[in-house]
Number of protein chains: 2
Amino acid sequence: MSTWVYGFDQIDDAEAFVGGSWEEVRGLLGGKGANLGDMTRIGVPVPPGFTITTRACNDYLAGGGTLSDELISQVDAALAHIEAAAGKRFGDPSNPLLVSCRSGAKFSMPGMMDTVLNIGLNDEVVTGMIERTGDAHFVFDSYRRLIQMFGSVVLGIRDEPFEHVLERARQQRGVTEDSELTTEDLEGVISQFRQIIERYSGRPFPDEPIDQLRLAIEAVFRSWDGKRARDYRNAAGIAHDLGTAVNIQTMVFGNMGDDSATGVAMSRNATTGEPGLEGDYLTNAQGEDVVAGIRVTKPMEQLAEEMPALYEQFSTIAGKLERHYRNMQDMEFTIEQAKLWLLQTRDGKRTAQAAVRIAVDMADEELITREEALERVTPAQVEFFLHPSFTPASKEAAVDSGALFASALNVSPGAAVGMVAFDADLAVEWAEQGRAVIMVRPETKPDDVHGMLASQGILTSRGGRTSHAALVARQFGKPAIVGAEQIEIDLTERTMTCGDTSVAEGEWISIDGTTGDVFLGQLETQTPDLENEFLRRLLEWADEVRDIGVWTNADHPDDALLARSYGAEGIGLTRTEHMFFDPARLPIVQRMIMATSPADSSEALAQLLPFQRGDFAGLFRAMDGLPVTIRLIDPPLHEFLPSLEDLTHELADLKIRLLSASTLEQIDELLGKIEASEHMLTEVERLHEANPMLGLRGVRLGLMMPGLTRMQVRAIFEAAVQVAKEGVEVHPKIMIPLVSHANELQRQRAELEEEAQAVMHEANMTIEYQFGTMIETPRAALTADQIAEYAGFISFGTNDLTQMTYGLSRDDAEKAFLVHYLEEGILDRNPFATLDADGVGQLMEIAITKGRAARPGLDVGLCGEHGGDPESIELCRMLGLDYVSCSPPRVPVARLAAAQAALRQKAPDDLSRMTSPV
Amino acid sequence: MSTWVYGFDQIDDAEAFVGGSWEEVRGLLGGKGANLGDMTRIGVPVPPGFTITTRACNDYLAGGGTLSDELISQVDAALAHIEAAAGKRFGDPSNPLLVSCRSGAKFSMPGMMDTVLNIGLNDEVVTGMIERTGDAHFVFDSYRRLIQMFGSVVLGIRDEPFEHVLERARQQRGVTEDSELTTEDLEGVISQFRQIIERYSGRPFPDEPIDQLRLAIEAVFRSWDGKRARDYRNAAGIAHDLGTAVNIQTMVFGNMGDDSATGVAMSRNATTGEPGLEGDYLTNAQGEDVVAGIRVTKPMEQLAEEMPALYEQFSTIAGKLERHYRNMQDMEFTIEQAKLWLLQTRDGKRTAQAAVRIAVDMADEELITREEALERVTPAQVEFFLHPSFTPASKEAAVDSGALFASALNVSPGAAVGMVAFDADLAVEWAEQGRAVIMVRPETKPDDVHGMLASQGILTSRGGRTSHAALVARQFGKPAIVGAEQIEIDLTERTMTCGDTSVAEGEWISIDGTTGDVFLGQLETQTPDLENEFLRRLLEWADEVRDIGVWTNADHPDDALLARSYGAEGIGLTRTEHMFFDPARLPIVQRMIMATSPADSSEALAQLLPFQRGDFAGLFRAMDGLPVTIRLIDPPLHEFLPSLEDLTHELADLKIRLLSASTLEQIDELLGKIEASEHMLTEVERLHEANPMLGLRGVRLGLMMPGLTRMQVRAIFEAAVQVAKEGVEVHPKIMIPLVSHANELQRQRAELEEEAQAVMHEANMTIEYQFGTMIETPRAALTADQIAEYAGFISFGTNDLTQMTYGLSRDDAEKAFLVHYLEEGILDRNPFATLDADGVGQLMEIAITKGRAARPGLDVGLCGEHGGDPESIELCRMLGLDYVSCSPPRVPVARLAAAQAALRQKAPDDLSRMTSPV
């Protein structure tokens with residue numbers, strides 16, 4: 001004889017039957033049945049019940065759709081068992097047992113019959129219950145619900161006729177809510193419901209409780225084979241032969257008097273993570289009432305006063321469940337006439353702040369290991385942790401009031417509130433007056449950076465995830481939203497418009513860089529504690545676990561200091577050219593570019609030298625004792641000149657003005673300007689390239705204009721010598737960009753080594769240094785063995801490497817088609833956000849293998865945008881990189897992600913224990 | 001006792017000594033000594049002599065620099081042996097033997113002592129020789145040469161003092177050439193030369209012949225260890241312990257009377273390849289006289305009349321040498337008093353035409369195998385063969401007269417003569433009037449193509465090897481020179497200027513696309529015979545040997561027919577978008593791009609459909625029975641619109657004109673034009689991309705605008721159906737470009753298959769077809785296994801693949817830095833001309849391995865510019881490609897190159913026999 005039915009209190013038998021594997025228990029009893037049994041086993045008061053196994057379901061479906069005698073008799077016996085436990089009897093008007101019937105497969109699965117509550121009610125039982133509870137309204141309401149649920153889920157009658165009856169009743173009574181119907185109304189509804197059942201199913205509503213139950217069980221079984229369930233399984237790849245279990249459980253009621261209650265509670269504070277029960281309950285109420293929010297709920301603290309013993313019991317149970325499930329629990333409970341029942345428990349949702357604290361506390365309590373604590377916090381939570389956010393209430397209110405203006409790409413997280421400024425200079429001016437500013441531009445350019453720095457946040461209508469605005473915003477930790485194409489910015493009228501709504505310059509907006517939402521007006525922000533003790537400790541544990549370094553990309557000493565405070569172990573990328581855009585230097589840089597003689601060029605370079613030396617000295621001081629990787633000039637020179645388009649416009653404009661000039665003075669002035677513009681235009685045209693990304697930049701510039709990179713190397717070493725004399729420990733690593741052939745590196749390095757030696761010789765001092773290169777072109781990766789001969793280290797520049805591997809310009813792709821690709825699922829993720837393992841990752845693997853074969857122990861890093869992306873970090877670790885380098889705000893994120901990668905890759909099997917009890 | 005000396009007639013002994021290896025013989029006797037011995041052995045009359053071995057040299061150098069007694073005695077004995085053979089005696093005034101002394105190492109090597117002639121002369125011998133020859137001037141001249149050479153090369157005295165004496169003598173005599181000095185002058189010179197020797201070396205010129213000889217031998221030995229020789233060996237990677245041999249050979253004189261002569265002859269005609277001796281000689285003259293060109297030489301035919309027996313003997317020897325060396329020979333000979341001597345023989349240089357004929361003839365004569373015949377012709381010779389060239393005489397005359405105007409990049413071979421036209425329309429106009437035109441532009445664009453087609457050749461001042469001008473020129477076989485940056489083109493003045501020389505529109509120039517030279521005026525051209533029987537046969541042999549297909553890149557039926565006549569086995573690439581630039585279609589294409597509604601777009605596409613159908617039908621007919629690979633639209637759409645710059649200029653211009661417009665009519669017209677321009681500008685700005693190469697193009701266009709590629713596929717299948725009904729055998733292969741992710745291919749192919757099926761269904765006909773893709777992005781290569789799931793074939797687009805692998809824009813690189821890289825040796829070749837094996841080749845290998853693993857037998861081709869480059873073809877064969885596809889004119893080149901690659905890779909060892917006698 002097979003066992004088709006297990007009581008919740010027979011979980012041990014079920015486990016023994018399948019051989020002790022929890023996975024198999026879930027297979028036999030379904031997820032829900034297994035958990036109810038599990039709670040029962042550890043002594044948590046769960047309303048008694050039993051589970052009909054998935055095998056019974058399969059047997060039923062195979063056997064042509066009739067309940068076997070064996071199953072019927074086992075169900076009867078189990079029912080008798082819970083009658084005894086509950087001290088009530090199924091169908092007994094004087095003390096009736098009501099049960100619920102729920103499906104429960106191994107995997108949660110929509111499309112199956114869900115729930116029938118209140119099974120066991122009929123006219124007679126109803127009368128008895130009204131007598132017992134004195135609450136006719138509740139009992140009739142329960143009854144009409146049973147009939148409706150039974151009709152709909154068991155008999156497959158559509159909801160419309162039932163809803164129609166209810167609607168008519170509400171109309172007649174002149175109310176809008178079902179709960180406002182009177183007892184008499186409900187009696188009428190019930191009578192009509194019974195007619196509906198008879199009309200649509202051809203037989204009357206089964207008054208016999210046991211018939212109700214058996215029909216419900218069969219309905220659950222049949223629903224396993226329903227079309228929606230089959231479709232879902234096909235889509236989700238779930239086997240069709242698993243079958244579903246059926247759970248029959250005693251109904252309990254929190255509205256049976258003042259010694260009854262119902263509520264929801266967390267085992268710890270879900271917002272702050274502080275220890276202690278947190279939640280809401282209602283006395284003499286149903287579970288629905290707590291959720292519906294019609295009555296004002298009471299906090300759990302009050303339960304401690306109202307029912308101290310039960311509160312105590314509940315606390316003990318919460319602790320037991322936490323220990324059992326090794327996580328903070330979210331519990332539904334009902335107190336029926338001074339008896340506490342737990343209806344459900346599951347891992348509780350929590351804020352980022354709570355997640356961190358709970359993880360750390362639980363590790364301290366030795367409830368979980370430190371490794372598990374690390375797994376309990378997501379990198380996104382750490383990231384959220386570091387930025388201000390809007391309070392949920394203000395955000396909700398804003399959405400409700402229609403203040404959501406637009407949504408676009410969330411490129412730099414955090415919340416910012418400010419007045420709209422449409423240009424950089426105004427942003428700076430207002431900021432200096434103490435006003436908060438959001439800078440709004442169609443797109444940003446290097447000469448907008450001062451305005452971006454002065455602003456609270458940045459919004460652009462163009463550009464993608466790696467546009468200038470996005471890169472700079474992430475670099476400086478400014479909340480930013482870009483690519484809001486639906487917003488039209490009118491720089492003449494100084495307004496921006498989206499749909500019918502316009503915002504004028506100076507009006508307030510609030511932007512959420514974490515979600516990409518733009519709101520009108522000022523939302524309330526909250527700033528989490530950056531010095532948070534729990535986060536600090538968690539990240540320290542992460543550092544103990546992780547085996548890949550976390551460095552930072554920083555161009556300024558302030559960034560470097562910030563990143564260091566976040567735990568960065570070195571600078572993996574300093575973009576020297578960013579320093580060239582400083583207004584004090586740009587004219588010198590332009591003079592250098594437009595030099596017509598070697599002497600002119602040398603003079604401009606000599607003027608730049610002290611600036612660069614100062615830049616580097618500041619970085620060395622900030623990173624005292626840690627490596628500082630400085631990339632020599634990378635972008636094409638035309639980036640330092642006005643654009644061809646602007647110049648053409650300017651010239652046309654000047655010529656038009658010349659036509660209408662009236663005085664000789666004006667004419668003279670205009671002619672002078674035209675000449676200067678034309679000179680500049682000639683230069684810009686000379687430097688114009690069809691595809692600047694693939695043009696004269698990086699090491700190519702160094703080889704064509706050796707004076708420029710020699711100047712940079714001189715500045716690096718002069719700075720190193722200077723700060724070393726101050727007692728600072730310097731470790732410069734000079735990185736030569738965009739190499740595609742080993743010979744480029746060999747030549748350039750030889751030239752620069754000479755300059756380095758010269759400076760050290762002049763200073764009579766030796767600095768420990770390294771020359772290396774970025775791996776940005778596919779060819780560099782493919783020939784890393786040759787390149788490693790001349791490189792003390794290599795660092796993957798995965799932005800460019802991704803562009804070239806895909807043949808995809810990051811400046812253009814997101815705008816033109818990448819969004820479409822992601823929407824359509826042609827690509828499943830943005831390769832500029834998450835490293836493409838198949839393509840770019842393969843090149844990295846080739847490069848590392850070949851590079852380390854040629855130079856054992858070759859230092860390998862990554863300094864693209866991907867350095868702060870958890871999935872990319874995991875790939876990097878797998879590939880054996882020594883470190884990743886990311887923007888300062890992402891350093892803590894990267895530290896955690898790196899630790900998680902190490903844990904996952906070290907012991908992938910151990911993870912299963914996190915999802916099932918031990 | 002070691003043998004240090006081998007007579008030329010003792011070559012067998014030398015060979016036996018080293019064990020029979022010719023390589024070792026060359027090691028022992030040096031290259032020159034071994035060949036002199038070899039000629040002697042086969043019975044060719046070589047002036048007697050002997051070789052002192054390389055071992056003797058090493059022994060001398062190791063022994064501290066004195067000639068061992070053993071060596072001295074062996075030299076004396078060898079000298080006695082040649083005295084006996086020559087019937088003359090060394091130092092005997094009555095019948096003197098004179099000898100030359102030359103170094104001769106295993107490898108030809110500059111930096112060593114070269115030659116001392118006339119050893120054995122002294123005052124006494126001179127007197128005797130004058131008596132014997134009656135030519136005092138010749139004897140004295142020989143004597144002064146001996147002293148000068150001896151002083152310079154043996155004693156290391158600088159040339160200046162000797163030259164100073166000669167110069168003074170010429171001044172005194174009032175002549176400009178040494179040969180014009182009188183006998184008396186020479187006697188004076190000799191006396192002063194002897195003084196110089198004594199002054200600079202501290203001892204008199206050695207009058208004793210044997211001393212002269214020994215000192216010369218020592219000088220050769222010492223020169224092996226000289227600085228220049230060591231430096232050369234270091235640079236060339238030649239071992240320092242090889243040593244040099246010394247060759248001592250009897251002097252013979254062709255100026256000893258009318259029964260004496262000297263000359264140079266080829267064993268076959270070096271210009272045409274026809275059989276029979278060809279060359280020049282002089283009676284009673286020295287070898288120098290033939291070369292100097294002072295006396296008018298006589299053709300070899302005349303020797304047959306003057307000295308029939310000797311001519312006959314020479315013919316026999318030439319045949320013997322050809323058989324021995326298995327190649328056409330270039331021989332120096334001297335007849336001394338009716339006795340024929342061969343002084344040297346080597347493989348003869350020849351024209352392309354001669355190379356082909358000689359190779360085929362020799363194979364027919366069974367002198368060499370057909371495989372060897374294939375190895376004897378270079379691909380460059382076949383290429384030259386297909387283009388007109390300037391006659392050597394006219395080119396020489398042009399250079400002499402200063403008509404060489406400029407030199408730049410030789411991007412498309414052949415010679416062309418025409419009148420300069422500075423724009424495409426004028427070129428067409430003049431061509432229609434029957435004038436020959438050379439189109440000259442700063443650079444060319446797609447809308448210049450009609451002018452390029454109408455011209456004889458193209459010259460641009462900008463652009464690189466893969467610029468538009470270069471690509472189109474190669475495609476259409478038009479001679480072209482690009483990147484002539486030193487030429488300034490003034491389109492307003494209609495002139496071009498280089499240095500001080502200007503050329504006006506309409507003036508004649510001649511351009512040599514094979515060399516890159518631009519000449520003023522009209523040079524004489526010669527057109528080789530395209531139907532050449534010998535070439536046809538050679539290429540047939542090539543087809544038998546080669547194991548990689550040769551297809552062609554063709555966009556027009558004419559190209560396809562031409563390529564087919566050259567032996568193309570299919571079309572590997574049709575660039576459909578080239579058809580869009582046709583003036584009749586461009587407005588429709590622009591309408592499609594600027595369409596504001598789906599209906600507008602569909603209408604434009606419907607108008608394009610018949611054009612494309614016609615294009616494809618023509619190609620299918622031309623290639624009846626062969627595969628035709630059609631690539632769907634590839635370039636970014638903005639290429640079909642005017643440039644941003646042009647539009648901005650135009651708009652500014654229109655606005656300026658508006659300011660000065662006086663009538664309402666004018667204003668109206670200008671406002672209309674401004675509106676149209678602004679509309680176009682908006683569109684161009686919308687499509688503007690920072691890096692169009694990496695932007696919205698290829699399959700990305702197909703996915704964003706499926707209507708466009710669907711139209712193309714419809715056109716392909718409608719055309720296929722139409723010509724199939726005419727009885728043509730069609731094999732369309734549809735190629736989807738710029739895939740970087742398999743999903744792109746999967747989606748686009750699914751969409752297009754649907755259209756293909758629809759057309760075939762409508763026509764109720766089945767066409768055999770294939771869908772495939774280009775491998776142009778590194779990622780496509782790296783993930784070729786995934787891509788092969790959806791690709792029936794793959795074809796490497798190595799132009800783009802090279803660009804992306806290097807991160808190098810072909811439009812910019814050559815202009816900006818690639819030329820510098822090649823000059824400086826940073827790159828040893830242009831990766832756009834010759835496939836980069838290390839990087840791009842590695843990606844190809846990955847792609848082929850993965851692609852064929854996923855789809856066994858996957859068809860793999862190449863359709864980049866590299867398809868016509870011999871070295872690249874060899875790499876392709878090694879990688880296992882099925883075919884290469886190149887522009888029509890390169891098809892014959894590719895056929896030969898492919899055969900050579902097969903021969904080289906099949907039997908690399910067999911090649912050694914080609915360089916040494918068997």
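Letters A, B, ... are given to chains in the order of the sequence lines, protein chains preceding strands, and every chain is numbered from 1.
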Quiz prompt | B/L694 vs A/L694, side chain to side chain contact (heavy atoms under 4.5 Å, CB included): CA-CA, chis, key distance, verdict | solution = CA-CA 9 Å; B/L694 308 176; A/L694 310 176; 4.2 Å; yes

Quiz prompt | Which of A/Q842, A/E776, A/Q803 touches chain B most, by non-hydrogen pairs under 4.5 Å | solution = A/Q842

Quiz item: Picking from B/G839, B/G807, B/G825, which has the most non-hydrogen pairs under 4.5 angstrom with chain A?
Solution: B/G807

Quiz item: For the atom pair CG (B/N691) and CE (A/M804), what is the distance rounded to the nearest 0.5 Å?
Solution: 9.0 Å

Quiz item: With a cut-off of 6.0 Å (strictly less than), are more than 12 heavy atoms of other residues, nucleotides or ligands near CD of A/E678?
Solution: yes

Quiz item: Is it the side chain or the backbone of B/I826 that comes within 4.5 Å of chain A heavy atoms, both, or neither?
Solution: both

Practice problem: Provide the closest heavy-atom pair for A/Y821 versus B/R700 in the form atom of the first, atom of the second, distance. | Solution: OH-CG, 3.3 Å

Practice problem: Measure the shortest side-chain to side-chain distance between A/R779 and B/D838 over non-hydrogen atoms and say whether it is less than 4.5 angstrom. | Solution: yes

Quiz prompt | Top contributor to chain B contacts, counting heavy-atom pairs under 4.5 Å, from A/L843, A/L644, A/V739, A/T805 | solution = A/T805

Practice problem: Decide yes or no for B/E824 and A/L703: does some side-chain heavy atom of the first lie under 4.5 Å from some side-chain heavy atom of the second? | Solution: no

Self-check item: Straight-line distance of A/L782 CG to B/I846 CD1, nearest 0.5 Å
Solution: 6.0 Å

Quiz item: In residues 740-749 of chain A, which residues are in contact with chain B at a heavy-atom separation under 4.5 Å?
Solution: A/S740, A/H741, A/N743, A/E744, A/R747

Quiz item: Side chain, backbone, both or neither: which part of A/L659 has a non-hydrogen atom closer than 4.5 Å to chain B?
Solution: side chain

Exercise. Check whether A/D836 gets within reach of chain B through its side chain, its backbone, both or neither, counting any heavy atom under 4.5 Å.
Key: side chain

Self-check item: Nearest-0.5 Å distance that lies between atom CZ in B/F817 and atom CZ in A/R697
Solution: 10.0 Å

Practice problem: Over all heavy atoms of both residues, which pair between B/A690 and A/P692 is shortest? Give the atoms and the distance, please. | Solution: O-CD, 3.3 Å

Practice problem: Would you please go through residues 646-657 of chain B and name the residues with a non-hydrogen atom below 4.5 Å from one of chain A, in numerical order? | Solution: B/T648, B/H649, B/A652, B/K655, B/I656

Quiz item: Take atom CD in A/E845; do more than 12 heavy atoms of anything else shown fall under 6.0 Å from it?
Solution: no

